[in-house]
Amino acid sequence: MKHLISVDDLTAGEIGEILSLAARIKKNPGAYREKLQGKVFGLIFEKPSTRTLVSFEVGIQSMGGGTIFMGPGDFQLGVREEVKDVARVLERYLDGVVLRTFSHGTITTFERYFHKPVINGLSDFEHPCQALADFLTIREHFKGPQKPVLAFVGDGNNVLNSLILLTAKLGGRIRYATPGRFEPHAGLVKKAREIAGKSGASIEALTDPREAVKGADFVYTDVWVSMGEEKKRKTKIKSFKGFQVNSELLGRASRSVKALHCLPAHRGEEITEEVLEGKSSIVFDQAENRLHVQKAVLIQLCGQNSSEESE
Ligand code: CP
Ligand code: NVA
């Protein structure tokens with residue numbers, strides 16, 4: 001594992017290692033405080049962020065590394081200077097970067113010219129760190145002998161794309177319902193189905209949210225209007241009528257269902273206040289797990305003595 005740009009950069013074995021390491025870090029964070037000693041990471045964010053930015057900052061600093069935040073005003077990737085030039089300059093200074101971009105192509109171009117670890121902190125195509133934290137959360141909350149059924153209701157965007165790929169890699173079960181025009185990326189789904197053919201994963205694409213959540217162990221949603229899509233707001237809101245995760249919909253899932261949301265949430269749109277604040281909600285465990293997973297990813301990519309814990 002050299003980079004984490006897509007879930008597809010990871011083998012099932014590597015995903016398992018990241019999730020187990022994240023669980024160990026969560027139990028004993030002090031054992032990892034020197035893993036990034038002397039390393040400095042750039043956090044390049046073209047879009048706002050709470051969880052991704054702060055969990056990476058805290059994760060890096062608590063393992064002895066340093067961070068430099070570069071927001072949209074700092075060098076405007078591809079506007080003030082070509083992405084490939086910025087990448088080649090930063091490669092001379094930094095030990096790795098976390099990038100949050102509008103276009104996924106910005107990250108893949110950056111990676112071609114920056115020969116050190118590049119981590120995708122969300123693009124218009126994928127959100128791999130989010131999906132890893134979600135699966136850690138699912139593992140913590142599901143103890144049954146079967147593979148849990150994850151139902152996703154809403155927009156077929158970056159978050160769903162990464163969840164589908166991760167489910168495929170791990171041989172899990174996912175059912176998603178999206179309105180016709182807002183399906184996940186067709187090429188990615190094709191690839192996920194090929195992977196599923198070998199891993200035994202089950203991937204069901206639906207258009208009826210009620211069918212998707214039926215008996216599900218986890219029900220996940222994401223905003224209908226993602227960052228950068230504000231101009232499409234009116235049309236999108238109309239298209240997602242009937243796709244809200246509310247108590248009525250959740251009532252069709254398993255009795256012990258847990259509700260997931262990557263956050264930020266738009267209450268009253270994709271999810272109700274009642275569900276978000278209700279007893280099924282585990283959204284803040286998900287948010288916490290971003291930190292433990294980011295640390296595990298960083299250690300796997302560039303930690304010192306990464307196979308050993310220091311205590
Ligand atoms: N879930 C997530 O990525 O949150 P932020 O946009 O706040 O980083
Ligand atoms: N789909 C959302 C996820 C935010 C974490 C967005 O891209 O804005």
Side-chain angles (χ1 to χ4, degrees), residues 4-7 22 41-60 67 69-72 97-107 119-138 152-166 176-179 181-185 188 218 220-233 235-237 239-240 243-245 259-267 269-271 276 281-298:
L4 178 53
I5 291 174
S6 162
V7 170
F41 294 82
L43 306 172
I44 304 173
F45 279 61
E46 290 183 342
K47 296 172 181 172
S49 172
T50 303
R51 283 143 290 269
T52 310
L53 177 62
V54 179
S55 59
F56 268 112
E57 289 254 17
V58 172
I60 293 165
T67 55
F69 172 71
M70 289 160 272
V97 293
V98 179
L99 276 165
R100 168 168 285 200
T101 61
F102 286 96
S103 160
H104 191 70
T106 304
I107 304 184
I119 300 172
N120 177 354
L122 180 143
S123 68
D124 59 353
F125 186 50
E126 271 207 61
H127 199 0
C129 300
Q130 177 71 53
L132 287 166
D134 299 337
F135 272 72
L136 178 63
T137 314
I138 287 172
F152 183 100
V153 174
D155 194 16
N157 199 351
N158 39 19
V159 170
L160 178 58
N161 284 340
S162 291
L163 289 171
I164 292 171
L165 266 183
L166 200 48
Y176 59 84
T178 61
R181 285 170 49 219
F182 299 101
E183 287 163 349
H185 189 274
L188 179 141
F218 294 88
Y220 196 132
T221 190
D222 179 16
V223 290
W224 293 338
V225 183
S226 283
M227 291 179 278
E229 294 189 327
E230 292 75 12
K231 283 192 182 143
K232 299 183 195 161
R233 183 173 177 80
T235 348
K236 285 199 89 174
I237 299 283
S239 310
F240 283 91
F243 282 76
Q244 184 185 67
V245 174
L260 296 161
H261 194 306
C262 53
L263 303 178
H266 294 165
R267 289 167 163 83
E269 288 184 13
E270 77 280 356
I271 193 162
L276 199 69
S281 172
I282 52 169
V283 300
F284 296 105
D285 290 348
Q286 261 181 288
E288 178 189 336
N289 283 338
R290 298 294 308 279
L291 172 64
H292 310 302
V293 160
Q294 323 294 37
K295 288 167 87 172
V297 167
L298 288 159

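We count ligands from 1, going down the list as the structure has it; atoms in each ligand are counted the same way.
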In a check of side chain to side chain contact (heavy atoms under 4.5 Å, CB included) between T106 and each of I44, T101, D124, which one passes? T101
Would you check if the side chain of T221 reaches a backbone N or O of V153 as a donor-acceptor pair within less than 3.5 Å? yes
CG of N120 to CG of L99, rounded to nearest 0.5 Å, is 8.0 Å
Might you list the protein residues in contact with ligand 1, defined as having a heavy atom under 4.0 Å from one of its atoms, sorted by chain and number? S49, T50, R51, T52, R100, H127, Q130, C262, L263, R290
Could you check whether any side-chain heavy atom of I282 comes within less than 4.5 Å of a side-chain heavy atom of T137, counting everything from C-beta outward? yes
Any side-chain heavy atom of Q286 sitting closer than 4.5 Å to one from L263? no
Is the distance from the ring center of F182 to that of F240 below 6.0 Å? yes
Could you go through ligand 2 and note, for every N or O atom, any protein N or O atom closer than 3.5 angstrom, writing the atom names and distance to 0.1 Å, or 'none'?
residue, atom, partner, partner atom, Å
ligand 2, 1 (N), N158, OD1, 2.9
ligand 2, 1 (N), D222, OD2, 2.7
ligand 2, 1 (N), S226, OG, 2.7
ligand 2, 7 (O), N158, ND2, 2.8
ligand 2, 7 (O), S226, OG, 3.4
ligand 2, 8 (O), M227, N, 2.8

Report yes if some heavy atom in the side chain of F56 is under 4.5 Å from a heavy atom in the side chain of L298; otherwise report no. yes
Carboxylate-amine/guanidinium contact K236 E270, below 4.0 Å: no
When L291, I60, N289 are each screened for side chain to side chain contact (heavy atoms under 4.5 Å, CB included) with S55, the one that passes is L291
